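In what follows, a structure is listed as C-alpha coordinates, so that the remarks can point back to it.
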Amino acid sequence: MLDAKLVRNEPEKVRQALINRNADTTMLDEFLRLDDEWRKLLQEAETLKAERNSVSEHIAKMKKNKEDATSEIERMREVSQRIKQMDSQLAELDAKTSEILLTIPNVPHESVPVGKNELDNPTIRTWGELRKFDFEPKPHWDLATTLDIIDFDRGSKITGSGFILYKGFGARLERALINWMLDVHTSEHGYKEVFPPFLINRKAMTGTGQLPKFEEDMYHTDKEDDLFLDPTAEVPVTNIFMDEILEADQLPMCLTAYTACFRREAGSAGKDTRGLLRVHQFDKIEMVKFVAPETSYNEHEKLTNNAEDILQRLGIPYRVVLLCTGDLGFSAAKCYDLEIYAPGVDKWLEVSSCSNFQDFQARRANIRYRPEPKGKPEFVHTLNGSGVALPRLVVSLMENYQQADGTIVVPEVLRPYMGVDVIK
RNA sequence: GGAGAGGUGGCUGAGUGGUCGAAAGCGCUCGCCUGCUAAGUGAGUACUCGGAUUAAACCGGGUCCCGGGUUCGAAUCCCGGCCUCUCCGCCA
(Lines give C-alpha, C1' and ligand atoms only; values in the text may rest on other atoms or scores of the structure.)
Protein backbone atom coordinates (compact mmCIF):
# COMPACT_ATOMS: atom_id res chain seq x y z
CA MET A 1 0.00 0.00 0.00
CA LEU A 2 1.23 3.45 -0.87
CA ASP A 3 1.36 6.18 1.74
CA ALA A 4 -1.86 8.18 1.47
CA LYS A 5 0.25 11.31 1.94
CA LEU A 6 2.35 10.45 -1.10
CA VAL A 7 -0.75 9.96 -3.23
CA ARG A 8 -2.25 13.17 -1.87
CA ASN A 9 0.88 15.32 -2.26
CA GLU A 10 2.42 13.86 -5.41
CA PRO A 11 -0.46 12.53 -7.46
CA GLU A 12 1.36 13.06 -10.75
CA LYS A 13 4.22 10.84 -9.68
CA VAL A 14 1.75 8.09 -8.84
CA ARG A 15 -0.15 8.65 -12.08
CA GLN A 16 3.02 8.25 -14.15
CA ALA A 17 3.88 5.06 -12.24
CA LEU A 18 0.45 3.63 -13.05
CA ILE A 19 0.82 4.55 -16.71
CA ASN A 20 4.24 2.88 -16.84
CA ARG A 21 2.69 -0.25 -15.38
CA ASN A 22 -0.13 -0.25 -17.99
CA ALA A 23 -2.53 0.25 -15.06
CA ASP A 24 -5.78 2.18 -14.95
CA THR A 25 -5.65 5.69 -13.44
CA THR A 26 -9.35 6.37 -12.87
CA MET A 27 -9.13 4.99 -9.33
CA LEU A 28 -6.45 7.53 -8.57
CA ASP A 29 -8.76 10.44 -9.40
CA GLU A 30 -11.54 8.84 -7.41
CA PHE A 31 -9.20 8.57 -4.45
CA LEU A 32 -8.14 12.20 -4.65
CA ARG A 33 -11.74 13.37 -4.75
CA LEU A 34 -12.92 11.23 -1.83
CA ASP A 35 -9.83 11.96 0.24
CA ASP A 36 -10.39 15.69 -0.10
CA GLU A 37 -14.00 15.31 0.97
CA TRP A 38 -12.93 13.15 3.90
CA ARG A 39 -10.41 15.64 5.23
CA LYS A 40 -12.87 18.54 5.09
CA LEU A 41 -15.53 16.59 6.93
CA LEU A 42 -13.00 15.28 9.44
CA GLN A 43 -12.06 18.76 10.49
CA GLU A 44 -15.68 19.74 11.03
CA ALA A 45 -16.32 16.62 13.08
CA GLU A 46 -13.22 17.10 15.18
CA THR A 47 -14.21 20.65 16.03
CA LEU A 48 -17.54 19.35 17.34
CA LYS A 49 -15.83 16.59 19.30
CA ALA A 50 -13.51 19.08 20.92
CA GLU A 51 -16.56 21.05 22.00
CA ARG A 52 -18.27 17.96 23.35
CA ASN A 53 -15.21 17.00 25.35
CA SER A 54 -14.78 20.38 26.96
CA VAL A 55 -18.49 20.81 27.74
CA SER A 56 -18.69 17.28 29.17
CA GLU A 57 -15.86 18.14 31.48
CA HIS A 58 -17.70 21.29 32.45
CA ILE A 59 -20.86 19.27 33.16
CA ALA A 60 -18.91 17.02 35.48
CA LYS A 61 -17.73 20.04 37.44
CA MET A 62 -21.20 21.55 37.62
CA LYS A 63 -22.64 18.30 38.93
CA LYS A 64 -19.94 18.10 41.54
CA ASN A 65 -20.92 21.60 42.66
CA LYS A 66 -24.57 20.54 42.58
CA GLU A 67 -25.40 23.08 39.86
CA ASP A 68 -28.07 22.52 37.23
CA ALA A 69 -26.56 21.31 33.91
CA THR A 70 -29.79 20.52 32.10
CA SER A 71 -29.38 23.06 29.29
CA GLU A 72 -25.78 21.95 28.60
CA ILE A 73 -26.85 18.31 28.50
CA GLU A 74 -29.69 19.18 26.12
CA ARG A 75 -27.32 21.01 23.82
CA MET A 76 -24.74 18.23 23.85
CA ARG A 77 -27.39 15.67 23.05
CA GLU A 78 -27.87 17.42 19.70
CA VAL A 79 -24.16 17.86 19.12
CA SER A 80 -23.65 14.15 19.76
CA GLN A 81 -26.32 13.30 17.23
CA ARG A 82 -24.57 15.39 14.60
CA ILE A 83 -21.23 13.85 15.46
CA LYS A 84 -22.73 10.41 15.05
CA GLN A 85 -23.99 11.26 11.59
CA MET A 86 -20.67 12.75 10.55
CA ASP A 87 -18.76 9.79 11.94
CA SER A 88 -20.75 7.36 9.86
CA GLN A 89 -20.18 9.47 6.76
CA LEU A 90 -16.50 9.62 7.59
CA ALA A 91 -16.34 5.88 8.08
CA GLU A 92 -17.92 5.39 4.68
CA LEU A 93 -15.47 7.73 2.97
CA ASP A 94 -12.57 6.16 4.82
CA ALA A 95 -13.64 2.68 3.78
CA LYS A 96 -13.78 3.75 0.16
CA THR A 97 -10.40 5.48 0.09
CA SER A 98 -8.75 2.59 1.94
CA GLU A 99 -10.24 0.13 -0.49
CA ILE A 100 -8.89 2.11 -3.42
CA LEU A 101 -5.49 2.45 -1.80
CA LEU A 102 -5.29 -1.34 -1.46
CA THR A 103 -5.74 -1.73 -5.21
CA ILE A 104 -3.06 0.77 -6.27
CA PRO A 105 0.21 -1.02 -7.12
CA ASN A 106 3.64 0.00 -5.85
CA VAL A 107 5.63 2.77 -7.55
CA PRO A 108 8.56 1.21 -9.47
CA HIS A 109 12.07 2.17 -8.36
CA GLU A 110 13.96 4.63 -10.56
CA SER A 111 16.37 1.88 -11.65
CA VAL A 112 13.51 -0.10 -13.21
CA PRO A 113 13.33 0.33 -17.00
CA VAL A 114 10.05 1.53 -18.47
CA GLY A 115 8.58 -1.12 -20.75
CA LYS A 116 5.35 -2.70 -21.96
CA ASN A 117 5.77 -6.40 -21.26
CA GLU A 118 8.25 -9.24 -20.77
CA LEU A 119 9.84 -8.54 -24.15
CA ASP A 120 11.21 -5.31 -22.71
CA ASN A 121 12.96 -7.00 -19.76
CA PRO A 122 16.73 -6.56 -20.07
CA THR A 123 19.01 -9.51 -19.27
CA ILE A 124 21.44 -8.30 -16.61
CA ARG A 125 23.88 -11.21 -16.64
CA THR A 126 24.19 -14.88 -17.52
CA TRP A 127 26.09 -17.72 -15.88
CA GLY A 128 27.22 -21.13 -17.11
CA GLU A 129 27.57 -22.82 -20.47
CA LEU A 130 24.70 -24.56 -22.18
CA ARG A 131 25.51 -28.26 -22.39
CA LYS A 132 26.20 -29.68 -25.85
CA PHE A 133 24.53 -33.03 -26.38
CA ASP A 134 25.72 -35.80 -28.67
CA PHE A 135 22.20 -37.23 -28.58
CA GLU A 136 18.72 -35.74 -28.66
CA PRO A 137 17.89 -34.57 -25.08
CA LYS A 138 14.55 -35.84 -23.87
CA PRO A 139 11.92 -33.82 -22.04
CA HIS A 140 11.64 -34.52 -18.32
CA TRP A 141 8.25 -36.17 -18.56
CA ASP A 142 9.72 -38.93 -20.72
CA LEU A 143 12.76 -39.37 -18.50
CA ALA A 144 10.74 -39.37 -15.27
CA THR A 145 8.07 -41.70 -16.53
CA THR A 146 10.57 -44.23 -17.91
CA LEU A 147 12.55 -44.19 -14.66
CA ASP A 148 9.23 -44.40 -12.75
CA ILE A 149 10.17 -41.52 -10.46
CA ILE A 150 7.15 -39.33 -11.28
CA ASP A 151 3.64 -40.67 -11.87
CA PHE A 152 1.66 -37.96 -13.64
CA ASP A 153 -1.40 -40.13 -14.27
CA ARG A 154 -1.89 -41.20 -10.70
CA GLY A 155 -1.30 -37.68 -9.40
CA SER A 156 -4.19 -36.57 -11.57
CA LYS A 157 -6.26 -39.51 -10.39
CA ILE A 158 -5.93 -38.48 -6.76
CA THR A 159 -6.57 -34.76 -7.24
CA GLY A 160 -6.59 -33.54 -10.83
CA SER A 161 -4.23 -32.26 -13.46
CA GLY A 162 -1.34 -30.25 -12.13
CA PHE A 163 -0.93 -32.37 -9.01
CA ILE A 164 2.14 -34.54 -8.92
CA LEU A 165 2.90 -37.94 -7.43
CA TYR A 166 6.65 -38.32 -6.93
CA LYS A 167 7.95 -41.84 -6.38
CA GLY A 168 11.20 -43.50 -5.37
CA PHE A 169 14.17 -41.32 -6.27
CA GLY A 170 11.78 -38.67 -7.55
CA ALA A 171 10.37 -38.29 -4.05
CA ARG A 172 13.85 -38.57 -2.61
CA LEU A 173 15.12 -35.84 -4.95
CA GLU A 174 12.37 -33.51 -3.81
CA ARG A 175 13.29 -34.10 -0.16
CA ALA A 176 17.01 -33.84 -0.91
CA LEU A 177 16.65 -30.49 -2.66
CA ILE A 178 14.53 -29.06 0.15
CA ASN A 179 17.03 -30.14 2.80
CA TRP A 180 20.09 -29.13 0.85
CA MET A 181 18.80 -25.65 -0.05
CA LEU A 182 17.73 -24.95 3.51
CA ASP A 183 21.14 -26.11 4.72
CA VAL A 184 22.94 -23.78 2.32
CA HIS A 185 20.82 -20.77 3.26
CA THR A 186 21.04 -21.36 6.99
CA SER A 187 24.69 -22.34 7.32
CA GLU A 188 26.25 -20.30 4.51
CA HIS A 189 23.98 -17.36 3.70
CA GLY A 190 22.99 -16.36 7.23
CA TYR A 191 19.26 -17.08 7.20
CA LYS A 192 17.24 -18.43 10.09
CA GLU A 193 14.94 -21.31 9.28
CA VAL A 194 11.22 -21.12 10.06
CA PHE A 195 8.39 -23.51 9.32
CA PRO A 196 5.10 -21.59 9.06
CA PRO A 197 1.47 -22.66 8.70
CA PHE A 198 0.30 -23.37 5.15
CA LEU A 199 -3.21 -22.02 5.71
CA ILE A 200 -3.43 -18.25 5.91
CA ASN A 201 -6.15 -15.89 7.05
CA ARG A 202 -7.52 -12.98 5.09
CA LYS A 203 -5.67 -10.28 6.99
CA ALA A 204 -2.26 -11.83 6.36
CA MET A 205 -3.10 -12.38 2.69
CA THR A 206 -3.94 -8.68 2.47
CA GLY A 207 -0.74 -7.76 4.28
CA THR A 208 1.51 -9.05 1.53
CA GLY A 209 -0.74 -7.89 -1.30
CA GLN A 210 -2.36 -11.12 -2.57
CA LEU A 211 -5.72 -9.73 -1.49
CA PRO A 212 -7.98 -8.07 -2.37
CA LYS A 213 -6.97 -8.07 -6.04
CA PHE A 214 -5.92 -11.65 -6.65
CA GLU A 215 -8.44 -13.73 -4.75
CA GLU A 216 -9.22 -15.73 -7.91
CA ASP A 217 -5.67 -17.11 -7.98
CA MET A 218 -5.91 -18.60 -4.49
CA TYR A 219 -7.33 -21.81 -3.13
CA HIS A 220 -9.87 -20.94 -0.48
CA THR A 221 -11.15 -23.34 2.17
CA ASP A 222 -14.77 -22.36 2.71
CA LYS A 223 -16.91 -19.50 3.95
CA GLU A 224 -16.83 -20.61 7.55
CA ASP A 225 -13.07 -20.86 8.07
CA ASP A 226 -12.24 -18.27 5.39
CA LEU A 227 -8.66 -19.47 5.02
CA PHE A 228 -6.41 -19.58 1.98
CA LEU A 229 -3.75 -22.11 1.00
CA ASP A 230 -0.47 -20.25 0.86
CA PRO A 231 0.60 -19.41 -2.71
CA THR A 232 4.16 -18.84 -1.47
CA ALA A 233 6.00 -18.82 1.86
CA GLU A 234 6.35 -15.08 1.37
CA VAL A 235 2.87 -14.71 2.84
CA PRO A 236 3.16 -16.52 6.18
CA VAL A 237 6.80 -15.55 6.72
CA THR A 238 6.44 -11.83 5.98
CA ASN A 239 3.38 -11.69 8.22
CA ILE A 240 5.25 -13.17 11.19
CA PHE A 241 5.86 -9.60 12.32
CA MET A 242 2.50 -8.14 11.36
CA ASP A 243 1.50 -5.37 13.81
CA GLU A 244 4.88 -5.49 15.54
CA ILE A 245 7.72 -3.06 16.16
CA LEU A 246 11.21 -4.50 15.72
CA GLU A 247 14.34 -3.06 17.32
CA ALA A 248 17.02 -1.71 14.99
CA ASP A 249 19.55 -4.32 16.14
CA GLN A 250 17.23 -7.11 14.93
CA LEU A 251 17.73 -5.91 11.35
CA PRO A 252 18.47 -7.15 8.84
CA MET A 253 16.28 -10.10 9.78
CA CYS A 254 16.80 -12.90 7.27
CA LEU A 255 14.45 -15.87 7.31
CA THR A 256 14.16 -18.89 5.07
CA ALA A 257 11.36 -21.40 4.90
CA TYR A 258 10.15 -24.41 3.05
CA THR A 259 6.48 -24.53 2.20
CA ALA A 260 4.28 -26.27 -0.26
CA CYS A 261 2.71 -23.64 -2.51
CA PHE A 262 -0.77 -23.72 -3.97
CA ARG A 263 -1.91 -21.76 -7.00
CA ARG A 264 -5.05 -22.10 -9.02
CA GLU A 265 -3.30 -20.62 -12.08
CA ALA A 266 -6.62 -19.20 -13.17
CA GLY A 267 -6.22 -17.55 -16.54
CA SER A 268 -3.34 -19.71 -17.69
CA ALA A 269 -5.42 -22.74 -18.68
CA GLY A 270 -3.85 -24.62 -21.57
CA LYS A 271 -0.42 -23.03 -21.10
CA ASP A 272 2.54 -25.29 -20.26
CA THR A 273 0.23 -28.12 -19.29
CA ARG A 274 2.73 -30.96 -19.73
CA GLY A 275 4.97 -32.30 -17.05
CA LEU A 276 6.18 -30.06 -14.25
CA LEU A 277 6.22 -26.73 -16.05
CA ARG A 278 3.08 -25.32 -14.44
CA VAL A 279 1.47 -27.13 -11.53
CA HIS A 280 -1.09 -26.28 -8.87
CA GLN A 281 0.91 -27.55 -5.91
CA PHE A 282 4.66 -27.30 -5.68
CA ASP A 283 7.49 -27.10 -3.20
CA LYS A 284 9.57 -24.00 -2.75
CA ILE A 285 12.28 -22.59 -0.53
CA GLU A 286 11.78 -18.91 0.12
CA MET A 287 14.06 -16.23 1.53
CA VAL A 288 12.50 -13.24 3.29
CA LYS A 289 14.26 -10.17 4.67
CA PHE A 290 13.17 -7.33 6.93
CA VAL A 291 15.66 -4.49 6.57
CA ALA A 292 16.26 -0.81 7.30
CA PRO A 293 15.10 1.31 4.34
CA GLU A 294 18.53 2.73 3.47
CA THR A 295 19.94 -0.80 3.06
CA SER A 296 17.18 -2.42 1.06
CA TYR A 297 18.65 -2.13 -2.43
CA ASN A 298 21.97 -3.49 -1.27
CA GLU A 299 20.16 -6.33 0.51
CA HIS A 300 18.18 -6.96 -2.64
CA GLU A 301 21.36 -7.63 -4.60
CA LYS A 302 22.64 -9.95 -1.88
CA LEU A 303 19.36 -11.85 -1.80
CA THR A 304 19.47 -12.32 -5.55
CA ASN A 305 23.06 -13.56 -5.29
CA ASN A 306 21.98 -16.07 -2.63
CA ALA A 307 19.45 -17.53 -5.05
CA GLU A 308 22.02 -17.56 -7.85
CA ASP A 309 24.46 -19.39 -5.59
CA ILE A 310 22.04 -22.31 -5.39
CA LEU A 311 22.00 -22.61 -9.16
CA GLN A 312 25.77 -22.26 -9.42
CA ARG A 313 26.37 -25.02 -6.90
CA LEU A 314 24.08 -27.26 -8.92
CA GLY A 315 25.87 -26.33 -12.13
CA ILE A 316 22.71 -25.09 -13.85
CA PRO A 317 23.14 -22.34 -16.47
CA TYR A 318 20.92 -19.35 -15.81
CA ARG A 319 20.27 -15.74 -16.68
CA VAL A 320 19.17 -12.82 -14.52
CA VAL A 321 16.41 -10.67 -15.95
CA LEU A 322 15.33 -7.28 -14.65
CA LEU A 323 11.57 -6.86 -14.91
CA CYS A 324 10.44 -3.69 -16.66
CA THR A 325 7.60 -1.52 -15.33
CA GLY A 326 5.01 -3.31 -17.46
CA ASP A 327 5.94 -6.77 -16.15
CA LEU A 328 6.51 -5.92 -12.49
CA GLY A 329 4.32 -7.60 -9.86
CA PHE A 330 1.72 -5.60 -7.98
CA SER A 331 3.59 -5.14 -4.68
CA ALA A 332 7.17 -4.94 -5.97
CA ALA A 333 9.23 -1.80 -6.58
CA LYS A 334 11.95 -3.81 -8.28
CA CYS A 335 12.32 -7.45 -9.21
CA TYR A 336 14.88 -9.78 -10.75
CA ASP A 337 13.78 -13.07 -12.27
CA LEU A 338 16.18 -16.00 -12.43
CA GLU A 339 15.66 -18.23 -15.44
CA ILE A 340 17.33 -21.59 -15.94
CA TYR A 341 17.75 -23.46 -19.19
CA ALA A 342 16.04 -26.80 -19.76
CA PRO A 343 17.38 -28.52 -22.92
CA GLY A 344 14.67 -31.21 -23.18
CA VAL A 345 11.85 -28.70 -23.56
CA ASP A 346 14.27 -26.11 -24.98
CA LYS A 347 13.03 -23.31 -22.72
CA TRP A 348 14.24 -20.82 -20.17
CA LEU A 349 12.26 -21.45 -16.99
CA GLU A 350 11.61 -18.94 -14.23
CA VAL A 351 12.64 -20.45 -10.89
CA SER A 352 12.98 -17.37 -8.76
CA SER A 353 11.66 -13.86 -8.42
CA CYS A 354 13.68 -11.64 -6.10
CA SER A 355 11.74 -8.55 -5.13
CA ASN A 356 12.17 -5.41 -3.10
CA PHE A 357 8.80 -4.17 -1.85
CA GLN A 358 10.24 -1.20 0.01
CA ASP A 359 7.59 -0.26 2.62
CA PHE A 360 4.61 -1.33 0.49
CA GLN A 361 3.97 -4.60 2.35
CA ALA A 362 5.20 -3.23 5.68
CA ARG A 363 2.57 -0.50 5.56
CA ARG A 364 -0.19 -2.99 4.76
CA ALA A 365 0.94 -5.45 7.40
CA ASN A 366 2.02 -2.72 9.83
CA ILE A 367 5.56 -3.97 10.35
CA ARG A 368 7.83 -1.32 11.84
CA TYR A 369 11.16 -0.85 13.59
CA ARG A 370 12.79 1.76 15.81
CA PRO A 371 15.75 3.38 14.06
CA GLU A 372 16.93 4.61 17.47
CA PRO A 373 16.14 3.19 20.89
CA LYS A 374 13.06 5.11 22.06
CA GLY A 375 12.80 6.73 18.61
CA LYS A 376 9.73 6.99 16.40
CA PRO A 377 8.92 3.69 14.71
CA GLU A 378 9.23 3.56 10.94
CA PHE A 379 8.14 0.99 8.41
CA VAL A 380 10.74 -1.62 7.53
CA HIS A 381 11.48 -2.59 3.97
CA THR A 382 10.58 -6.16 3.07
CA LEU A 383 12.21 -8.31 0.42
CA ASN A 384 11.82 -11.84 -0.71
CA GLY A 385 13.02 -14.26 -3.32
CA SER A 386 12.63 -17.90 -4.17
CA GLY A 387 15.66 -19.85 -3.25
CA VAL A 388 14.45 -21.62 -5.37
CA ALA A 389 11.20 -23.18 -6.61
CA LEU A 390 11.45 -26.94 -7.06
CA PRO A 391 9.48 -28.25 -10.02
CA ARG A 392 11.23 -26.26 -12.74
CA LEU A 393 14.55 -26.81 -11.03
CA VAL A 394 13.83 -30.53 -11.16
CA VAL A 395 12.94 -30.18 -14.84
CA SER A 396 16.25 -28.51 -15.59
CA LEU A 397 18.25 -30.93 -13.43
CA MET A 398 16.77 -33.97 -15.11
CA GLU A 399 17.13 -32.59 -18.59
CA ASN A 400 20.66 -31.21 -18.10
CA TYR A 401 22.03 -34.24 -16.27
CA GLN A 402 20.43 -36.92 -18.46
CA GLN A 403 22.57 -39.48 -20.22
CA ALA A 404 22.03 -41.20 -23.56
CA ASP A 405 20.62 -44.32 -21.84
CA GLY A 406 17.92 -42.27 -20.06
CA THR A 407 19.58 -42.33 -16.62
CA ILE A 408 20.23 -39.11 -14.69
CA VAL A 409 23.49 -38.15 -13.01
CA VAL A 410 23.03 -36.71 -9.52
CA PRO A 411 24.87 -33.36 -9.07
CA GLU A 412 27.80 -33.63 -6.69
CA VAL A 413 26.27 -31.49 -3.93
CA LEU A 414 23.13 -33.61 -3.75
CA ARG A 415 24.82 -37.02 -3.52
CA PRO A 416 25.07 -37.05 0.30
CA TYR A 417 21.34 -36.34 0.38
CA MET A 418 20.43 -38.83 -2.35
CA GLY A 419 22.67 -41.74 -1.40
CA VAL A 420 23.33 -42.52 -5.08
CA ASP A 421 25.39 -41.00 -7.92
CA VAL A 422 22.98 -41.85 -10.70
CA ILE A 423 19.22 -42.27 -10.87
CA LYS A 424 18.56 -45.35 -12.96
C1' G B 1 -17.27 -30.78 20.59
C1' G B 2 -18.76 -29.50 26.15
C1' A B 3 -17.74 -26.34 30.75
C1' G B 4 -15.19 -22.28 32.89
C1' A B 5 -11.61 -18.01 33.26
C1' G B 6 -9.52 -14.01 30.89
C1' G B 7 -7.74 -10.17 27.01
C1' U B 8 -5.30 -2.85 30.00
C1' G B 9 1.52 0.40 27.96
C1' G B 10 8.09 -3.09 26.28
C1' C B 11 6.56 -6.73 30.51
C1' U B 12 3.72 -7.87 35.28
C1' G B 13 -0.61 -5.85 37.09
C1' A B 14 -4.59 -2.08 39.63
C1' G B 15 -8.84 0.32 37.97
C1' U B 16 -15.31 3.32 41.79
C1' G B 17 -19.55 5.94 34.51
C1' G B 18 -16.69 12.19 34.76
C1' U B 19 -10.47 15.14 37.37
C1' C B 20 -8.04 8.00 33.51
C1' G B 21 -3.72 7.72 28.20
C1' A B 22 -4.56 5.16 32.55
C1' A B 23 -2.04 3.50 39.89
C1' A B 24 2.02 0.49 41.36
C1' G B 25 6.14 -2.54 40.19
C1' C B 26 9.77 -4.34 36.61
C1' G B 27 12.54 -3.00 32.36
C1' C B 28 14.71 0.99 29.55
C1' U B 29 17.01 6.25 28.84
C1' C B 30 19.36 10.51 31.04
C1' G B 31 21.41 12.68 35.63
C1' C B 32 23.16 12.48 41.00
C1' C B 33 25.70 9.63 44.72
C1' U B 34 29.17 5.93 47.31
C1' G B 35 36.59 4.27 44.60
C1' C B 36 34.39 -0.21 40.63
C1' U B 37 30.02 -3.62 40.71
C1' A B 38 25.50 -4.10 43.41
C1' A B 39 22.31 -1.00 46.08
C1' G B 40 20.29 4.05 46.62
C1' U B 41 18.23 8.55 44.49
C1' G B 42 15.82 12.42 40.86
C1' A B 43 13.58 13.01 36.12
C1' G B 44 11.75 10.88 31.69
C1' U B 45 9.69 6.72 29.19
C1' A B 46 2.72 4.15 24.09
C1' C B 47 0.74 4.55 19.28
C1' U B 48 -1.98 7.02 15.60
C1' C B 49 -4.87 10.68 12.44
C1' G B 50 -5.93 15.81 10.86
C1' G B 51 -4.26 21.01 11.00
C1' A B 52 -0.16 24.79 11.35
C1' U B 53 5.22 25.11 10.51
C1' U B 54 11.57 25.07 6.92
C1' A B 55 11.59 21.56 11.15
C1' A B 56 10.50 20.83 16.16
C1' A B 57 7.96 22.88 19.95
C1' C B 58 2.26 23.67 19.04
C1' C B 59 -3.56 22.93 18.46
C1' G B 60 -7.24 19.26 18.13
C1' G B 61 -9.32 14.10 17.32
C1' G B 62 -8.84 8.83 18.25
C1' U B 63 -6.87 4.40 20.64
C1' C B 64 -7.33 0.06 27.44
C1' C B 65 -8.50 -7.18 21.75
C1' C B 66 -12.09 -5.86 17.38
C1' G B 67 -17.08 -4.08 15.90
C1' G B 68 -21.77 -2.19 17.38
C1' G B 69 -25.11 -0.07 21.39
C1' U B 70 -26.67 2.85 26.00
C1' U B 71 -25.13 7.91 27.91
C1' C B 72 -24.18 14.93 27.90
C1' G B 73 -19.80 11.69 29.03
C1' A B 74 -17.45 4.48 28.61
C1' A B 75 -11.17 0.99 30.08
C1' U B 76 -15.63 0.68 33.33
C1' C B 77 -22.56 -0.94 31.58
C1' C B 78 -25.14 -4.03 27.33
C1' C B 79 -24.85 -7.08 22.54
C1' G B 80 -21.91 -9.61 18.70
C1' G B 81 -17.13 -11.42 17.06
C1' C B 82 -11.89 -12.88 17.48
C1' C B 83 -7.99 -14.72 20.41
C1' U B 84 -5.56 -16.99 24.81
C1' C B 85 -5.57 -20.19 29.08
C1' U B 86 -7.63 -24.33 32.30
C1' C B 87 -10.61 -28.81 32.77
C1' C B 88 -13.43 -32.79 30.19
C1' G B 89 -14.25 -35.57 25.58
C1' C B 90 -12.14 -37.11 20.83
C1' C B 91 -7.68 -37.78 18.11
C1' A B 92 -2.09 -38.16 14.68
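Values in this document were obtained by computation on a predicted structure and should not be read as measured data.
When the C1' atom of B:G18 is taken as reference, atom CD of A:Glu67 falls 15 Å away, rounded to whole Å. For A:Leu48 and B:C72, the CG to P distance is 16 Å, given to the nearest whole Å. For the pair A:Asn366 CG and B:U48 P, the computed distance is 8 Å after rounding to whole Å. Here B:C47 presents its P atom at 15 Å from CD of A:Glu244, a figure rounded to the nearest Å. Residue A:Trp38 contributes atom CH2, which lies 6 Å from atom C1' of B:G50 at whole-angstrom precision. Summarising the geometry, the separation between CE on A:Met242 and P on B:C83 is reported as 13 Å, rounded to the nearest angstrom. One interatomic measurement links the two molecules: NZ of A:Lys84 to C1' of B:G69, which rounds to 8 Å at whole-angstrom precision. The CD atom of A:Gln81 sits 12 Å away from the C1' atom of B:U70 (whole-angstrom rounding).
Here A:Arg392 contributes atom CZ and A:Leu397 contributes atom CG; the two are 14.5 Å apart, rounded to the nearest 0.5 Å.
Look at the C1' atom in both B:A14 and B:C66: the space between them is 24 Å, to the nearest Å. For B:A52 and B:C72, the C1' atoms lie 31 Å apart once the distance is rounded to whole Å. Taking atom C1' in both B:U76 and B:G15, the straight-line distance is 8 Å, to the nearest Å. Spacing between B:C30 and B:U37 at atom P, rounded to whole Å, works out to 14 Å. Rounded to a whole angstrom, the distance from the C1' atom of B:C91 to that of B:A5 is 25 Å. When the C1' atom is used for both B:G61 and B:A43, the distance is 30 Å, rounded to whole Å. Nucleotides B:A23 and B:C64, compared at atom C1', are 14 Å apart to the nearest Å. A distance of about 28 Å separates the P atoms of B:C85 and B:A75, rounded to the whole Å.
A 3.5 Å limit on both hydrogen-bonding distances identifies B:C28 as the Watson-Crick or G-U partner of B:G44. If you check B:A38 for Watson-Crick or wobble pairing at under 3.5 angstrom, you find it has no partner at all. With a cut-off of 3.5 Å on both Watson-Crick or G-U wobble distances, the partner of B:A3 is given as B:U86. Judged by Watson-Crick or G-U wobble contacts below 3.5 Å, the nucleotide B:C58 has B:G51 as its partner. Under the Watson-Crick or G-U wobble criterion, with both distances below 3.5 Å, B:U19 has no partner in any strand shown. In this structure, B:G9 forms no base pair with any nucleotide, since neither Watson-Crick nor G-U wobble geometry is met with both distances under 3.5 Å.
In this view, A:Phe152 satisfies the ring-ring contact (aromatic ring centres under 6.0 Å, His included) rule with no residue, not counting sequence neighbours. Judged as a side chain to side chain contact (heavy atoms under 4.5 Å, CB included), and not counting sequence neighbours, the contacts of A:Asp3 are A:Lys5, A:Leu6, A:Arg363. Take A:Glu286 and apply the salt bridge (Lys or Arg N to Asp or Glu O under 4.0 Å) test, not counting sequence neighbours, and it matches A:Lys284. A search for salt bridge (Lys or Arg N to Asp or Glu O under 4.0 Å) contacts involving A:Asp24 returns nothing, not counting sequence neighbours.
At least one side-chain nitrogen or oxygen of A:Lys5 sits closer than 4.0 Å to the OP1 or OP2 atom of B:G50. Checking the phosphate oxygens (OP1, OP2) of B:U48, a side-chain nitrogen or oxygen of A:Arg368 falls inside 4.0 Å.
As judged by a 4.0 angstrom heavy-atom cut-off over every strand, A:Lys40 is placed among residues making no nucleic acid contact. Base contact: A:Lys63 has a heavy atom under 4.0 Å from a base atom.
Side-chain atoms of A:Ser296 and A:His381 include a donor-acceptor pair closer than 3.5 Å.
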When you check every protein heavy atom under 4.0 Å of nucleotides 51-63 of chain B, what one-letter string (B, S, -) results, 5' to 3'? S--------BSS-
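A side chain to side chain donor-acceptor pair (under 3.5 Å) with A:Gln361 is found for exactly one of A:Asn106, A:Thr208, A:Thr382, namely A:Thr382.
The side chain of A:Pro377 has B:U48 as its nearest neighbour among B:C72, B:U48, B:U70. Here the side chain of A:Arg370 is nearest to one of B:C72, B:C47, B:G50, namely B:C47.
Using the six-membered ring where Trp is involved, A:His300 and A:Tyr336 have ring planes that are parallel, under 30° apart on the 30 and 60° scheme.
Residues A:Glu74 and A:Ala4 each lie close to RNA chain B; by heavy-atom proximity, the contact nearer the 5' end of the strand is made by A:Ala4.
For residues 176-197 of chain A, the set of pairs meeting the salt bridge (charged side-chain N to carboxylate O under 4.0 Å, His left out) definition, not counting sequence neighbours, comprises A:Glu188-A:Arg313.
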